[in-house]
Each structure stands twice: as structure tokens, then as C-alpha cells.
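What follows is a single structure, written as C-alpha cells, with notes after it.
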Number of protein chains: 2
Amino acid sequence: MKGKATSFDIAHYAGVSQSTVSRALRNSHLVNEETRKRVFDIAKKLNYKVDKNASNLRTQQSSTLALLLFEDPTSDESQINPFFLAMLGSITRACAKEGYDLLVSFQSASADWQADYEDSHRADGIILLGYGDYIDYQPKFNTLLEQNTKFVCWGATVDNRPDLTVCCDNYGGGKLAAEHFIAHSRTDCAFIGDASDHSPEFFSRFQGFKDELLANNVKINERKMANAISTEESGYHATRSLIANNIKFNALFAASDLIAIGAIRALKEANINVPKDVAVVGFDNIAIASYVNPPLTTIEQNTTVAGQMLVENLLKLIRGEEVQSTLLAPILIPRRSS
Amino acid sequence: MKGKATSFDIAHYAGVSQSTVSRALRNSHLVNEETRKRVFDIAKKLNYKVDKNASNLRTQQSSTLALLLFEDPTSDESQINPFFLAMLGSITRACAKEGYDLLVSFQSASADWQADYEDSHRADGIILLGYGDYIDYQPKFNTLLEQNTKFVCWGATVDNRPDLTVCCDNYGGGKLAAEHFIAHSRTDCAFIGDASDHSPEFFSRFQGFKDELLANNVKINERKMANAISTEESGYHATRSLIANNIKFNALFAASDLIAIGAIRALKEANINVPKDVAVVGFDNIAIASYVNPPLTTIEQNTTVAGQMLVENLLKLIRGEEVQSTLLAPILIPRRSS
DNA sequence: TAAATTCATGACACCGGTGTCATAATGTCA
DNA sequence: TGACATTATGACACCGGTGTCATGAATTTA
């Protein structure tokens, strides 16, 4: 045998037509049991595998999903946000379970990514994953919708299409953090993240946090808030600036674990004890969170379930079934940092 | 327009043949500049994308690499080993840089994975990634070789084909750890990992460690060794069993960071101070390592370079170029655990 | 026993590109 | 000006499957 075996080779050896081979291999009931067995045996012997390109071309589908990972433009090449890495893992697993392959691709938010994968028939649908300034994406979402591209996204909401989003109940998560502080009588709260609506996820977390505090007659002082993106560095610097401005607080809610870890570093450097002087709560429950010193109290987003939901919903869209918006319940994981 | 635009549609609007459209879009010099421009404009307007399935089918290649991730069968669904997650990130980046897509797939070591992706023309080559009992894989490697499948692998060596492997100089890394202990006069050493040759990487690390100690007239006591696979749990239990058997040591080399982290937990529980009573050194330098308490001294494997090398070498193989075996130099990252 | 139904299979167009060969038009050189 | 090279394009087979329609044999029904 020179190249790879094709269905014609099998047909030749089995003494049947290529059509029959194709049918046999796909377990069509239209083929005689005996013939099927002969075809299978020969296929196995020749190490035959269906050519996906030919098959996909004909059927106009690919059994493949594409995952586009948007990174904070700031986070240079060094490290990928561990939360997304965890999501990637669970999405990969969920795809495998459904018999789909997963194409992974990093994207910068600005690039001309919309529908590339789906238009070129490399994937049946797209999963969008990333923090970041999703508002800029809306026009791209619209392009995707216009072209009838199947996609779901994590976190960001698509105008008029809540069903395309899977996300954690960030508002509820923020409330959990506030409840926790109040239960421990830590009412002089600081917040680090982005309280503007640039980053809708951080914004919701802050809103929930603020509202729950207000419900308990605690007001958060605007001076006790600092902006940060989701990196350890950013959290560190934001916290340092609060300290440098001599701003006092006994509780700190960080919009993500990485920010919280940076914050703890800054607090330690300033000889502020965590949790004695300041209780810290993060968000995400990344793997690192339980290993830092002190172990970080955080609001968990269940990445396993999240990945599954994204894949399941996307497959439903592809199959033309109805999908509902999915809000995942966050859980408070108390550890020693608070 | 009903469905997606094809090159025939463009040909129609541009008033040329479909052949010319195809040539124009691929920047063939055989096509007139003016015609090319017209074709490009129309393609843009129609939101045309080359159908990858058709193109791949004809050219018999896919511009895609497949990454097969083998997991320790023991590590249940919960978490993926962070070291491999980091590798996955760097491989994804390296692929993007080379204009290749990446298909990611989890595999159990036992499954019938060989060549699935390449045979079915979904990928031009395969990257194999995983710790684990690579010895069992040799027959599968042979199958791959026989079928002339292009692949590279991390860590494991393929008989007679050193060029297919990219790995860290595990032996040299083990020596670094030993040097470090000797420099700090910690010569009563324990080792946790797998000192048998089931896991060739762990084995090499241990060999380097042992040989360097011997070169300094230090002998490692067999009783001070315990087996573990690369999980925190496993490291924890292995260390506990040493402690339970009342075995004393003042230095501990763990074959991976996860093991080291588990070991530190066990030591702490037994009121053994790290690094005062026992100095601990790990291997990998995963992200968590710098956050644990105390921060973990470890032997770094540069995942960014590793990912790049894997991709570059695989592409060379695919292009039929010559490839040499690649040993990456490990670096000792001293932190407070030693 | 003729007609209808079921079963198993083959022939063939088709998916949407790419590569080869043929062809026409224009330019170049002896 | 005839021979030859160059440039731009079209026609067409082909990649390896899948889906439809036609066909013939075996079986059931009227």
C-alpha cells in the first residue's frame, strides 16, 4: 500500500461498491450484517480512518467546536490567567464527552476574529471566553448574529440574547462577600477591581457587594476603591496606592483571586496582618487560592459545570434547540484570609 | 444570498472563472493585479472565507496540529496538572505564531489513540504530552512510526528516535537539587517520587540527584525514599508514611512541585518546620510554587521554550527537515523552602 | 400468479476548493 | 515577419467521502 487506504481500497478487497463500504462503516441499516462485518474487518486491517475533510465537506459540518480565548491585552505572553486555564480544561473534557473536537485559539480583542472559524467550516460553533471590555465586542456579536453563526460566551451579555451567555451570578457572589464581612463585623470595606461598567463581571460583583452592604446600613466609601485588572501585579499596585494614601479599612473584597493575591502581598509588605487587621476575600477559587498564605477566602465559580454548560448550550444552538440563559450559583469558600 | 458564498459566487460577480478566483485569493503571481483587487473586494463584501474542508481535502493537509494530553489515570476529573496546563498555553501560542490551529484532546493512556487524528486528516501532526508510564507506549510509538505519522513527544523517549523527544534535562535538574542541598550542608536526604524506571522522567531526576550526592560522598538511604505520582495527595501520603515510620532527614527532594506541596503539608502537620528542620526542593516551577508557604524552591522547566520547541520540531518533521533531540536546561529557583 | 413491498446494492452527482493543461493575447528577438 | 517566450485566463479532472435514485432479487400480499 502506498498512501493511506481509502474506502475504494476497502471496496476492492471486500468485493463490494464504495457506496456500500461507506454505508457499512456508518452502520446504516441498509447493509447486510455479513457484508458489514467483512468491511469492518478489512478496514481494521488496512488501518483505515474516514477522511474527515471529505466527510465534513460533504456533510457541511465538522464535529468540532472552536474556543476563542481573549486575553487581557495587558497580560503579556508570560502567563495565562489560571481561571481560564481551568475553564479550558473543563471545556475540553465536555467536548470529548459529546464526541466533539476542540480547536483552541488565542485572540486579541481587537483582531478580526468574528466567525473566522465557522465561516471556514472548521468548527460548527464558537465558544468565547475572556474577561475584558466586552462592550467593544457588541458590534462583533451583531456580525455573528447576522451571519447566523452559532456561538455562546462566558460572562459577557449579548444584547437581546441572554440565552447565548453562560455566567456566574456575579451579583450574588458580591452579596456573598458582603454577607461574610458583615457576619464577621468587618464593615469598613475596601474594593479592588473595576467598579465602572467597563468590565461587566467586575461591575456586577461590585454592585452585589455594595447593595448587600447597604441593606445592612453600611456604605462603602468611594475613596476605598481602586481599579485593577485581573493580574496579581495590578492588584498589588492598586492596594499599594490605597495604603500610600493612608486609607484605612478592615476588610477587602477583590474582584478576582489574582487581584486578592496581589493585595495580600501589598498588605504584608506594609506590615498589615491578614486576616487580623484586614480580612480579604477574592473571587474565582483558582487552584492557587488554597495554597497562598494565608489561604484565601474566595467566591467559587464552578468551572467544571461552567464548561459543561457552555458546550451543552452551544450544541443545542447548533441543533436548533431552544436554550435558556444560564446563571451559575457561586459558593463562598471560607479560608483563613478572613 | 441564501447560504454561504463560494468561490463561484465571487467568480460570477467578478466576471472571471472560478479558477482565477482561487488563484487570486492565494496571491498567485499568475493573476493580473487589477483582477486580484476586484476579487478581493468582492470576497470581502460577500464575507467569503475559503472552505477549509474543501481546501484541506484537495491539498491533503490541514494546517492543524493535534495535542494529546495523557493524564495520570489517578488524577480524577477534578484538576488538570498545572504544569501541563502551562504547557498547553505555550503550545497554543506557538501554534498561533506559526499559523497552525491546535486541536486539543484528552486521552487515557490505554485508549486506542494512535494516529487517529493524523489518519483522519484532521491534523498534520501530533504532540504527545504527559507524565506516566511511557514504557507501555512504546508499541504505540512503533505503530505511529510504521504509519509514518509525524509526532513529537514531551519527556518520553522513543526507541532509536531521540529526535522525536523534547524534554528537560531531568538528570541535570536532579543534580542541581543535590548541589543545592550540599551547598547548604543538608546531606541527610529523602526523595519522594518514583525511583523505579516506570516513570522515566522521575527516574532521571532521581539518578541525577543520587549521582551528584555520591560525587560528594553522600549516600542516599533507600529507606528514605517513597513512591508518589504527581499529585499533591500522593506527595502528602508518601511523606506521612515516612514520618509514621519515624524516618529522619533534613532535606527532601520531590520529583514534582505538586508532590513537594503535599510533602510540606505533611511535614507541617507533624510539626516539622520547613525549611529549618527539613529543606524542600520541588521540580517544575508551576505557578503555585511561589505562593505556597513557605515559597517553594524548585527546578524550573521553561514551559514557554518547551512549547515552542515541540511545535517547531513537529513542523520540521512535517516539512521533512531534519530534527535534533532537544534537551532544555533546567534552572534552580531558590525560595524560602530550603 | 401478478402486484406490491422490502432488502441489499451499485451508479453517479455532489460538496468547494486546487493543480494541470490548453489557449489566447501580447511582447521580444533574430 | 515568423518563431518563441511571457502573461492571464478558462476548462476540467480530482481529492474522498455522502446522499439520492435506480435496479434486481427475495418476500409478502391480494
Side-chain angles (χ1 to χ4, degrees), chain A residues 1-40 42-43 46-64 116-124, chain B residues 1-40 42-43 46-64 116-124:
Chain A
M1 181 77 42
K2 342 86 279 212
K4 299 232 155 97
T6 73
S7 52
F8 283 93
D9 297 321
I10 299 181
H12 173 250
Y13 287 115
V16 295
S17 76
Q18 182 270 339
S19 300
T20 302
V21 171
S22 175
R23 274 192 290 258
L25 291 172
R26 279 173 303 127
N27 292 313
S28 160
H29 63 279
L30 286 172
V31 68
N32 182 286
E33 189 53 43
E34 203 182 314
T35 314
R36 183 213 313 290
K37 209 166 161 306
R38 201 162 70 247
V39 167
F40 265 90
I42 295 172
L46 298 187
N47 221 299
Y48 169 82
K49 293 274 154 49
V50 173
D51 185 313
K52 280 289 171 186
N53 291 132
S55 159
N56 292 343
L57 172 60
R58 183 63 231 250
T59 58
Q60 300 289 27
Q61 41 152 307
S62 63
S63 292
T64 300
D116 220 40
Y117 284 90
E118 209 238 1
D119 278 354
S120 60
H121 291 281
R122 263 182 301 197
D124 297 337
Chain B
M1 183 77 43
K2 340 95 272 218
K4 298 231 155 99
T6 72
S7 52
F8 283 93
D9 298 321
I10 299 181
H12 174 249
Y13 288 115
V16 294
S17 75
Q18 183 270 339
S19 301
T20 303
V21 171
S22 175
R23 275 191 290 258
L25 291 173
R26 279 173 303 128
N27 292 313
S28 160
H29 63 278
L30 286 172
V31 69
N32 183 285
E33 189 53 42
E34 203 182 315
T35 313
R36 184 215 313 290
K37 210 165 159 305
R38 201 163 68 248
V39 167
F40 265 90
I42 295 172
L46 297 187
N47 220 301
Y48 169 84
K49 293 274 155 46
V50 173
D51 185 313
K52 280 287 171 186
N53 290 318
S55 159
N56 291 343
L57 172 60
R58 183 64 232 248
T59 58
Q60 300 289 28
Q61 39 152 311
S62 63
S63 295
T64 300
D116 220 40
Y117 284 90
E118 208 237 4
D119 278 353
S120 60
H121 292 280
R122 266 183 297 197
D124 296 336

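Excluded from the calculations below are hydrogen atoms, water molecules and symmetry mates; all remaining heavy atoms, backbone and side chain alike, are included. Throughout, a chain's letter reflects where its sequence line sits, starting with A, and its residues are numbered from 1.
For the pair A/His121/A/Leu57, no side-chain contact is recorded, criterion being any heavy-atom separation below 4.5 Å from C-beta on. In this structure, the side chains of A/Arg36 and A/Asn27 come closer than 4.5 Å at one or more pairs of heavy atoms.
Note that the OG atom of B/Ser7 and the NE2 atom of B/His12 stand 13.5 Å from one another [nearest 0.5 Å]. One distance of note links CG of A/Asp9 with NZ of A/Lys4; it measures 13.0 Å at 0.5 Å rounding. For the atom pair B/Ser62 OG and A/Arg122 CZ, the distance stands at 10.0 Å (nearest 0.5 Å). Note that OH of B/Tyr48 is 5.5 Å distant from CD1 of B/Ile10, once rounded to the nearest 0.5 Å. In this structure, A/Asn56 CG and B/Lys52 NZ are separated by 13.5 Å, a value rounded to the nearest 0.5 Å.
With rounding to whole Å, A/Glu34 atom CD is found 17 Å from C/dC7 atom P.
Using modelled atom types and a 3.5 Å distance limit, the side chains of A/Ser22 and A/Arg26 yield a donor-acceptor pair.
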Sugar-phosphate atoms are those with a prime plus P, OP1 and OP2; base atoms are the rest. Using that split, label each nucleotide of nucleotides 9-17 of chain D B, S or - for protein heavy atoms under 4.0 Å, 5' to 3'.
BBBBBBBBB
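When the local axes at the two ends of the helix from C/dT1-D/dA30 to C/dA30-D/dT1 are compared, using 5 base pairs at each end, they differ in direction by 40° after rounding to 10°.
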